[in-house]
Amino acid sequence: MYQAGIYCRVSIEEQNKEGEYSNSIHSQIQMARDYIAEQNDITEARVYADDGFSGSNFDRTEFRRMLADIELGTINMVIFKDVSRLGREHIDTNYYLGKYFPEKRIRVVSLLDNYDSMVSTYDELLEIKTLFNDMYLRDTSRKIKTTIQTKRSMGEYTPKQPPFGYIKSETVHNHLEVDSYAAEVVGRIYKMYRNGFGCSVICRVLNEDQIPCPAKYKKEVLKNGYAWDVGKGLWTPATVRGILKNPIYTGAVVIRKSNRPSYKLKYKKAIPLEEMELVPDAHEAIVSKEEFDQVQQIRQERRISYFDRNKEPHKYVGLLFCGKCKTAMRKRYLASHNGYDGYMCGFHQKMGKNYCELNHITFEKLDELVVFAINQQLKQMRTDLKNLETQIGQRKPEVDSKITRLQAKIERNTEYRKRAYEQLMDEILSKEEFLELKQMYENENRQYQKELEKLKQEEQKQQTAVNTTKVWLNNFSRGKLTVKQLTREVLEELINKIYVYPDQKIDIYFKFASENNSVDVTIQKDGVM
């Protein structure tokens with residue numbers, strides 16, 4: 001007695017097609033049951049239905065369950081409508097029909113192909129049919145790809161889910177419209193990144209402000225059927241990076257983001273941003289092209305490269321340089337310890353002592369020096385902030401008085417000019433006298449206006465320095481930094497470059513500086529603590 005498993009499959013594309021006979025799951029099951037009803041030695045054991053799965057590969061839930069039941073001996077026969085239901089990929093389909101099922105002694109029946117492995121062997125005709133199925137799959141894949149690219153080249157956004165910041169238009173097919181709330185968040189992310197904040201800090205700020213991440217926002221706020229059921233609904237650096245590098249926010253539609261080596265593979269090779277083909281002005285932009293390009297430049301400068309032989313990134317990569325030859329430091333590998341012990345001048349390591357002297361620092365010593373320098377700088381910034389606020393408070397009455405006097409002078413000259421014009425009309429002044437007075441008042445007002453603008457700019461500059469310093473200190477108000485807290489993210493937020501010298505001294509160029517410094521601050525600390 002045969003215990004038969006009925007296998008059926010339908011792809012998403014086939015669900016909407018009409019033909020001479022239906023490929024629906026129900027139709028396939030009914031055909032198999034009709035066949036079983038006509039036999040005396042076959043009993044239905046189980047139905048395996050892969051609904052909405054492509055035949056291009058065999059990574060399907062129900063197909064895998066059927067194989068597991070075969071291994072367990074639950075079924076010893078497989079029935080399907082035709083070979084294309086088993087799969088359309090030529091090589092793997094032939095493997096299961098010609099090798100796997102025969103080795104497991106599984107009887108196979110393909111109804112429309114009039115094939116029964118108990119009566120006939122797997123022959124060339126079925127192999128040819130699987131080849132045609134493979135060709136059909138390739139042709140379908142090409143047609144779908146061409147259709148999608150054509151729509152995108154016309155400015156249509158074809159993915160089902162719009163990116164965070166947009167919603168699909170209800171009136172224009174495949175057109176994006178700005179979601180005001182989400183767009184404001186996107187704009188805020190770009191602004192914070194341009195102002196020097198890293199992705200981790202941006203995530204922390206957004207999470208503290210209780211702004212839902214894109215997945216949570218789509219499901220719980222927009223309620224657009226987005227299938228999100230994992231995670232805590234928090235922002236992650238990967239989510240922020242995805243927003244920062246997506247040209248969709250400039251109003252463009254991307255025709256292709258990746259290339260697939262073969263229609264049979266799931267693997268896709270991403271196309272670099274600079275090589276993507278874009279359709280500009282397809283919808284309303286959230287950020288300008290200039291802002292987007294500026295962010296990409298910053299991302300390029302912050303990009304982490306690899307320096308050691310094991311291709312392992314370390315927290316100082318891209319920040320640590322030899323103070324002598326300005327070459328990037330490399331992690332030094334010690335075979336005796338079977339690991340790395342610190343950093344060495346990359347030029348010396350590669351070319352030898354004739355090109356640069358031995359310059360080495362251990363992980364522990366470097367962390368110790370960097371933490372000391374950062375704490376000193378943060379301490380100095382707090383002192384400078386207090387002094388600056390005191391200075392602004394002391395100067396404010398004097399500055400306000402100067403501004404008031406200048407505004408009074410401008411108003412007075414404006415009034416004098418008005419009176420001169422009235423005297424011209426009353427023929428008290430000649431035209432030449434009026435023009436001379438008018439020119440004098442206008443020249444004086446221009447000078448007063450320049451002085452006024454200069455005072456306001458100085459006042460604004462000082463206030464901006466105060467606000468910027470407060471922002472930095474608020475983001476790093478964890479008290480005294482410890483070595484344990486010295487992560488890659490902290491280094492990226494605070495430091496531009498670190499130069500290490502053979503005498504165990506370091507120069508650190510910070511991304512922020514006190515008010516008394518117009519350029520990067522250099523902190524130097526002897527190696528002896």
Side-chain angles (χ1 to χ4, degrees), residues 12-13 15-16 51-54 61 144 147-149 151-152 154-194 197-258 266 268 270-271 273 276 278-288 291-292 295-296 299:
I12 295 176
E13 292 79 11
Q15 285 174 346
N16 300 322
D51 196 355
F53 283 83
S54 170
T61 305
I144 292 173
T147 301
I148 292 175
Q149 290 183 3
K151 289 183 176 181
R152 291 179 180 177
M154 297 172 65
E156 294 187 32
Y157 185 81
T158 56
K160 180 180 179 181
Q161 287 292 339
F164 182 72
Y166 290 100
I167 57 175
K168 281 285 188 77
S169 172
E170 296 181 357
T171 56
V172 182
H173 184 61
N174 283 339
H175 181 70
L176 295 179
E177 295 178 349
V178 172
D179 177 357
S180 58
Y181 173 82
E184 185 178 347
V185 177
V186 171
R188 182 180 178 186
I189 291 173
Y190 272 81
K191 184 177 180 181
M192 291 178 69
Y193 194 80
R194 286 166 51 226
F197 297 101
C199 293
S200 293
V201 173
I202 294 174
C203 289
R204 185 164 69 243
V205 172
L206 295 177
N207 289 329
E208 287 175 354
D209 291 347
Q210 296 184 345
I211 296 175
C213 72
K216 184 176 182 180
Y217 179 77
K218 291 177 183 179
K219 181 173 184 178
E220 297 184 358
V221 180
L222 295 181
K223 299 181 186 293
N224 60 2
Y226 189 75
W228 171 72
D229 55 2
V230 296
K232 298 180 180 180
L234 299 177
W235 287 84
T236 64
T239 303
V240 173
R241 284 193 293 269
I243 290 175
L244 290 172
K245 66 181 182 181
N246 195 342
I248 198 82
Y249 296 111
T250 65
V253 167
V254 182
I255 294 182
R256 274 189 308 124
K257 286 187 176 182
S258 59
K266 288 186 176 181
K268 295 180 180 180
I271 298 175
L273 179 61
M276 286 183 183
L278 306 177
V279 180
D281 304 321
H283 49 263
E284 184 179 349
I286 294 177
V287 297
S288 67
E291 289 175 313
F292 183 80
V295 164
Q296 304 320 304
R299 289 183 64 247

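Values in this document were obtained by computation on a predicted structure and should not be read as measured data. Positions are given from 1, in the same order as the sequence printed here.
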Determine, step by step, whether Tyr166 and His283 satisfy the ring-ring contact (aromatic ring centres under 6.0 Å, His included) criterion, reporting the C-alpha distance in whole Å, the side-chain angles of both residues, the deciding distance to 0.1 Å, and the verdict. CA-CA 10 Å; Tyr166 290 100; His283 49 263; 4.9 Å; yes
Within a strict 4.5 Å, meaning less than it, do heavy atoms of the Glu291 and Tyr249 side chains meet? no
Can you pull the side chain to side chain donor-acceptor pair (under 3.5 Å) pairs that have at least one residue in residues 234-244, sequence neighbours excluded? Thr236-Thr239
Roughly how far, to the nearest 0.5 Å, is the CZ atom of Arg204 from the CZ atom of Phe197? 10.0 Å
Tell me whether Lys168 is salt-bridged to Asp179, with the criterion being a basic N under 4.0 Å from an acidic carboxylate O. no
Test side-chain contact (heavy atoms from CB on, under 4.5 Å) on Lys218 and Ile167; report intermediate values, then the result. CA-CA 10 Å; Lys218 291 177 183 179; Ile167 57 175; over 6 Å; no
So which atom in Val186 and which in Gly165 form the shortest heavy-atom distance, rounded to 0.1 Å? CG2-CA, 4.4 Å
Would a 4.5 Å heavy-atom cut-off, applied to side chains only, mark Leu176 and Ile248 as touching? yes
Give the minimum heavy-atom separation between Ala282 and Val253, together with the two atoms involved. CB-CG2, 3.5 Å
Has the side chain of Asn246 got a donor or acceptor atom that lies under 3.5 Å from a matching backbone atom of Gly242? no
With respect to Ile189, which candidate in Val287, Val295, Val240 satisfies the side chain to side chain contact (heavy atoms under 4.5 Å, CB included) definition? Val240
Starting from the C-alpha separation in whole Å, work towards a yes-or-no answer on side-chain contact (heavy atoms from CB on, under 4.5 Å) for Val205 and Ile211. CA-CA 9 Å; Val205 172; Ile211 296 175; over 6 Å; no
For Tyr190 and Lys245, work out which heavy atoms get closest and say how close. OH-N, 4.4 Å
Between CD of Glu284 and NE2 of His175, what distance do you get to the nearest 0.5 Å? 8.5 Å
If I compare all heavy atoms of Gln296 with all of Leu244, which pair ends up nearest, and what's the gap? NE2-O, 2.7 Å
Search all heavy atoms of Cys213 against all heavy atoms of Leu234 and return the closest pair with its distance. CB-O, 3.6 Å
For side-chain contact (heavy atoms from CB on, under 4.5 Å), just list the numbers for Arg188 and Glu184, CA-CA rounded to whole Å, side-chain angles, deciding distance to a tenth of an Å, and then say yes or no. CA-CA 6 Å; Arg188 182 180 178 186; Glu184 185 178 347; 5.7 Å; no
Do the side chains of Thr250 and Pro280 get nearer than 4.5 Å, heavy atoms only? no
Report the C-alpha separation of Val185 and Phe164 in whole Å, then their side-chain angles, then the decisive distance to 0.1 Å, and conclude whether the side-chain contact (heavy atoms from CB on, under 4.5 Å) test is met. CA-CA 9 Å; Val185 177; Phe164 182 72; 3.9 Å; yes
Heavy-atom pair with the smallest gap, counting every atom of Tyr193 and Cys199: CE1-SG, 4.2 Å
